[in-house]
Engineer: 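I'd like to ask you about the structure that follows.
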Amino acid sequence: MRTLLTAITTLLLAGSLSAQSYTIFIHGKSGKNHNGIGTTDVNSYWGSSVNSVSGNRIFIGYDGTTDPRTYGSSRAQTNISTGLTNYCKAGKTCKIVCHSAGCYAIEYWLSNLGSTASAKGFNISKVTALAAASGGSELANALNGITFGFGGNAMDKSLIVTTARGAFNHNNTGGVAVNHVPGYKGMFGASAILPGEDDYAVAYHSSCAYNRAGGLNKCQTSLTQYEGLWPFGSNRTYTQYSGHYRAPSVSSTGLYLDHGQIKTEGWR
């Protein structure tokens, strides 16, 4: 009996030691090429902000000027597929931390899996979405407008609000919970363009995953507000896409952080 118990204990310990857990970081828009998959934050997009997360850290990088929906060399979709296959399968589990357009990239990838992540063999516990740009940014709209469609790179064009919102089925997260962390520390100029609360790059309609664009100051499952001039206006309801939630440790008002500062919140 003692020999049997020893053998079982050894097997259980071996199993626990072989199972590995990773936090995967996926960056957003950048003027640099962060191409790479591994323990190195190529060209230091994240900097010291990742120190808020303990354990094994993996960085999935790509050319930050490219459309986050595209495949190929130094492209987000190819590197996400490779990185998650390497670090979220075969006894390995992972949590994903994305920032800005990096959330656009991973949400696009999850929506196009063709099934749930678990059914495809991926062990993804959740996505922590920091200032998600998956709903686009009015700043991209403005850039496109003032340059008559000629300005901006492929990333900028992908972030036009109608483009981002029509790019994929935002209600399909592959069975993985996407927990949003929005910031409301805006900046003069940018905040005049972005509706509602914003972090100077994206507004709450995007960073909280609401099902339509609008000027919102709360991040919650559903929000109804009166819009238009009284008495000609009407109530309008906004709801979060299916599978999207506010991070449990964040209040409905969000965090007083700007678009860059919010990168330190990956621990949520």
Engineer: Checking His99 now: which residues fulfil ring pair (Phe, Tyr, Trp, His ring centres under 6.0 Å) with it, not counting sequence neighbours?
Structural biologist: Tyr45, His259
Engineer: Tell me if a side-chain donor or acceptor on Thr116 pairs with a main-chain N or O of Gly174 at a distance below 3.5 Å.
Structural biologist: no
Engineer: Can you list everything that forms a ring pair (Phe, Tyr, Trp, His ring centres under 6.0 Å) with Tyr22? Sequence neighbours excluded, please.
Structural biologist: Tyr87
Engineer: Does Ser100 use its side chain to pair, donor to acceptor, with the backbone of Gly102 at less than 3.5 Å?
Structural biologist: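 Absent.
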Engineer: If the condition is side-chain contact (heavy atoms from CB on, under 4.5 Å), which residues does Asp63 pass it with, not counting sequence neighbours?
Structural biologist: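 Result, side-chain contact (heavy atoms from CB on, under 4.5 Å) vs Asp63: Asn33, Thr65, Thr66, Ser74.
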Engineer: Please check if the side chain of Asn172 supplies one atom and the backbone of Asn169 the other of a donor-acceptor pair under 3.5 Å.
Structural biologist: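 No: the side chain of Asn172 does not pair with the backbone of Asn169.
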Engineer: When rounded to the nearest 0.5 angstrom, what is the spacing between OG1 in Thr237 and CZ in Arg212?
Structural biologist: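 Rounded to the nearest 0.5 Å, the OG1-CZ separation comes out at 7.5 Å.
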Engineer: Roughly how far apart are Ile106 CD1 and Leu84 CG, rounded to 0.5 Å?
Structural biologist: 5.0 Å
Engineer: With a 4.5 Å heavy-atom cut-off, do Val178 and Glu107 have their side chains touching?
Structural biologist: yes
Engineer: Using every non-hydrogen atom in the two residues, find where Ser242 and Asn171 come nearest and quote the distance to one decimal.
Structural biologist: N-OD1, 2.9 Å
Engineer: Could you tell me if the side chain of Val181 sits less than 4.5 Å from the side chain of Ser207, heavy atoms only?
Structural biologist: no
Engineer: Do Thr224 and Asn235 meet the criterion of a side-chain donor-acceptor pair at a distance under 3.5 Å?
Structural biologist: no
Engineer: Are any of the side-chain heavy atoms of Val127 and Cys98 separated by less than 4.5 Å?
Structural biologist: yes
Engineer: Going hydrophobic residue to hydrophobic residue with side-chain gaps under 4.5 angstrom, can you get from Tyr104 over to Tyr62?
Structural biologist: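 Linked within one cluster.
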Engineer: Assess the residue pair Arg246 and His180 against the criterion (side chain to side chain contact (heavy atoms under 4.5 Å, CB included)); give the C-alpha distance rounded to whole Å, side-chain angles, the decisive distance to 0.1 Å, and a yes or no.
Structural biologist: CA-CA 5 Å; Arg246 184 183 73 244; His180 290 267; 5.6 Å; no
Engineer: With clusters defined by side-chain heavy atoms of hydrophobic residues (ILVMFWY) lying less than 4.5 Å apart, directly or transitively, does Ile262 cluster with Trp46?
Structural biologist: yes
Engineer: Please give me the minimum heavy-atom distance between Ser115 and Lys120, naming the atom from each residue.
Structural biologist: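 Taking Ser115 first and Lys120 second, the nearest heavy atoms are CB-CE, 3.9 Å.
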Engineer: Answer yes if Tyr108 and Ile80 sit in the same cluster of Ile, Leu, Val, Met, Phe, Trp and Tyr residues linked by side chain heavy atoms under 4.5 Å apart, and no otherwise.
Structural biologist: yes
Engineer: Looking at Val42, is its backbone amide N or carbonyl O close enough to the side chain of Thr40 to form a donor-acceptor pair, meaning the two atoms are under 3.5 Å apart?
Structural biologist: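 Answer holds: no.
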Engineer: Got a sec, which hydrophobics cluster with Leu143, joining ILVMFWY side chains under 4.5 Å apart, including via others?
Structural biologist: none
Engineer: First locate atom CG of Asn179, then atom OH of Tyr245, and finally report the distance between them rounded to the nearest 0.5 Å.
Structural biologist: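 Here the interatomic distance stands at 8.0 Å.
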Engineer: Under the 3.5 angstrom rule, does the side chain of Glu138 hit a backbone N or O of Pro195 as a donor-acceptor pair?
Structural biologist: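 No; judged by distance alone, with no hydrogens or angles, the pair does not exist.
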Engineer: Would Asn56 and Thr23 satisfy side chain to side chain contact (heavy atoms under 4.5 Å, CB included), going step by step from the backbone distance to the final call?
Structural biologist: CA-CA 6 Å; Asn56 299 311; Thr23 298; over 6 Å; no
Engineer: Any side chain to side chain donor-acceptor pair (under 3.5 Å) pairs touching residues 149-164, not counting sequence neighbours?
Structural biologist: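 Applying side chain to side chain donor-acceptor pair (under 3.5 Å) to every pair that reaches into residues 149-164, excluding sequence neighbours, yields Lys29-Asp156.
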Engineer: To which residues is Tyr200 joined in a hydrophobic cluster, defined by side-chain heavy-atom contacts under 4.5 Å among Ile, Leu, Val, Met, Phe, Trp and Tyr, whether direct or through other members?
Structural biologist: Met187
Engineer: Tell me whether the count of non-hydrogen atoms from other residues, nucleotides or ligands lying under 6.0 Å of CZ in Phe188 goes above 12.
Structural biologist: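 Check fails, neighbour count at 12 or below.
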Engineer: Between the side chain of Asn141 and the main-chain N/O of Val161, is any donor-acceptor distance below 3.5 Å?
Structural biologist: yes
Engineer: Is a side-chain N or O of Ser206 found less than 3.5 angstrom from the main chain of Ala203, in a donor-acceptor match?
Structural biologist: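 No; judged by distance alone, with no hydrogens or angles, the pair does not exist.
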Engineer: For Tyr184, which fellow cluster members are found when Ile, Leu, Val, Met, Phe, Trp and Tyr are connected by side-chain heavy-atom distances below 4.5 angstrom, either directly or through intermediates?
Structural biologist: Tyr204, Tyr210, Leu216, Leu223, Tyr238, Tyr256
Engineer: Between Trp109 and Phe168, is the ring centre distance below 6.0 Å?
Structural biologist: no
Engineer: One pair to check against side chain to side chain contact (heavy atoms under 4.5 Å, CB included): Thr39 and Ile58. What are the steps and the verdict?
Structural biologist: CA-CA 5 Å; Thr39 57; Ile58 298 297; 3.9 Å; yes
Engineer: Under 3.5 Å, is there a donor-acceptor pair between the Arg165 and His205 side chains?
Structural biologist: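 Looking only at side-chain atoms, His205 and Arg165 do form a donor-acceptor pair, the distance falling under 3.5 Å.
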Engineer: Taking all heavy atoms of Ala76 and all of Pro68, pick out the closest pair and write down the distance.
Structural biologist: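 Reported closest heavy-atom pair: CB-O, 3.5 Å.
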Engineer: In this structure, would Leu194 and Val202 fall into the same cluster of hydrophobic residues linked by side-chain contacts under 4.5 Å?
Structural biologist: no
Engineer: Looking only at non-hydrogen atoms, find the nearest pair between Met155 and Gly28 and report the distance.
Structural biologist: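 For Met155 and Gly28, the tightest heavy-atom pair comes out as CE-C, 4.4 Å.
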Engineer: Show the numbers, then the answer: is there a side chain to side chain contact (heavy atoms under 4.5 Å, CB included) between Leu110 and Leu113?
Structural biologist: CA-CA 5 Å; Leu110 287 169; Leu113 267 178; 4.2 Å; yes
Engineer: Rounded to the nearest 0.5 Å, how far does CD1 of Ile24 lie from CD1 of Ile60?
Structural biologist: 5.0 Å
Engineer: With sequence neighbours excluded, what pairs up with Thr93 under the side-chain contact (heavy atoms from CB on, under 4.5 Å) test?
Structural biologist: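 side-chain contact (heavy atoms from CB on, under 4.5 Å) check on Thr93 returns Ser21, Asn123.
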Engineer: Step by step, work out the side chain to side chain donor-acceptor pair (under 3.5 Å) result for Asn211 and Thr239.
Structural biologist: CA-CA 6 Å; Asn211 63 346; Thr239 58; 3.1 Å; yes
Engineer: Under the 3.5 angstrom rule, does the side chain of His244 hit a backbone N or O of His170 as a donor-acceptor pair?
Structural biologist: yes
Engineer: Please list all pairs meeting ring-ring contact (aromatic ring centres under 6.0 Å, His included) that have one or both residues in residues 126-146, counting only residues at least two apart or in different chains.
Structural biologist: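 ring-ring contact (aromatic ring centres under 6.0 Å, His included) check on residues 126-146 returns no pairs.
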Engineer: Looking at CG of Asn79 and CG of Asn35, how far apart are the two atoms once the value is rounded to the nearest 0.5 Å?
Structural biologist: 5.0 Å
Engineer: Just how far is it from atom CG of Asn144 to atom CD1 of Ile160, taken to the nearest 0.5 Å?
Structural biologist: 3.5 Å
Engineer: Can you list the residues that meet the salt bridge (charged side-chain N to carboxylate O under 4.0 Å, His left out) rule with Arg69, with sequence neighbours excluded?
Structural biologist: Asp67
Engineer: Go through the side-chain N and O atoms of Ser249 and Arg268 and say whether any donor and acceptor fall under 3.5 Å apart.
Structural biologist: yes
Engineer: I'd like to know if the side chain of Asp198 pairs up with that of Ser191 as donor and acceptor (distance under 3.5 Å, no hydrogens or angles considered).
Structural biologist: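 On atom types as modelled, these side chains qualify, holding a pair under 3.5 Å.
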Engineer: List the residues meeting side-chain contact (heavy atoms from CB on, under 4.5 Å) with Ser44, not counting sequence neighbours, and say none if there are none.
Structural biologist: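 side-chain contact (heavy atoms from CB on, under 4.5 Å) check on Ser44 returns Asp41.
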Engineer: Test of understanding: with side-chain contact (heavy atoms from CB on, under 4.5 Å), list the residues that count as partners of Gln261, not counting sequence neighbours.
Structural biologist: Lys185, Leu257, Asp258
Engineer: Report yes if some heavy atom in the side chain of Phe25 is under 4.5 Å from a heavy atom in the side chain of Ile96; otherwise report no.
Structural biologist: no
Engineer: Please check if the side chain of Gln20 supplies one atom and the backbone of Cys94 the other of a donor-acceptor pair under 3.5 Å.
Structural biologist: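 Checked: no pair found.
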Engineer: Let me check something: do Tyr241 and Leu130 share a hydrophobic cluster, defined by ILVMFWY side-chain heavy atoms less than 4.5 Å apart, either directly or through other members?
Structural biologist: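 Per the 4.5 Å side-chain linkage, Tyr241 and Leu130 are not co-clustered.
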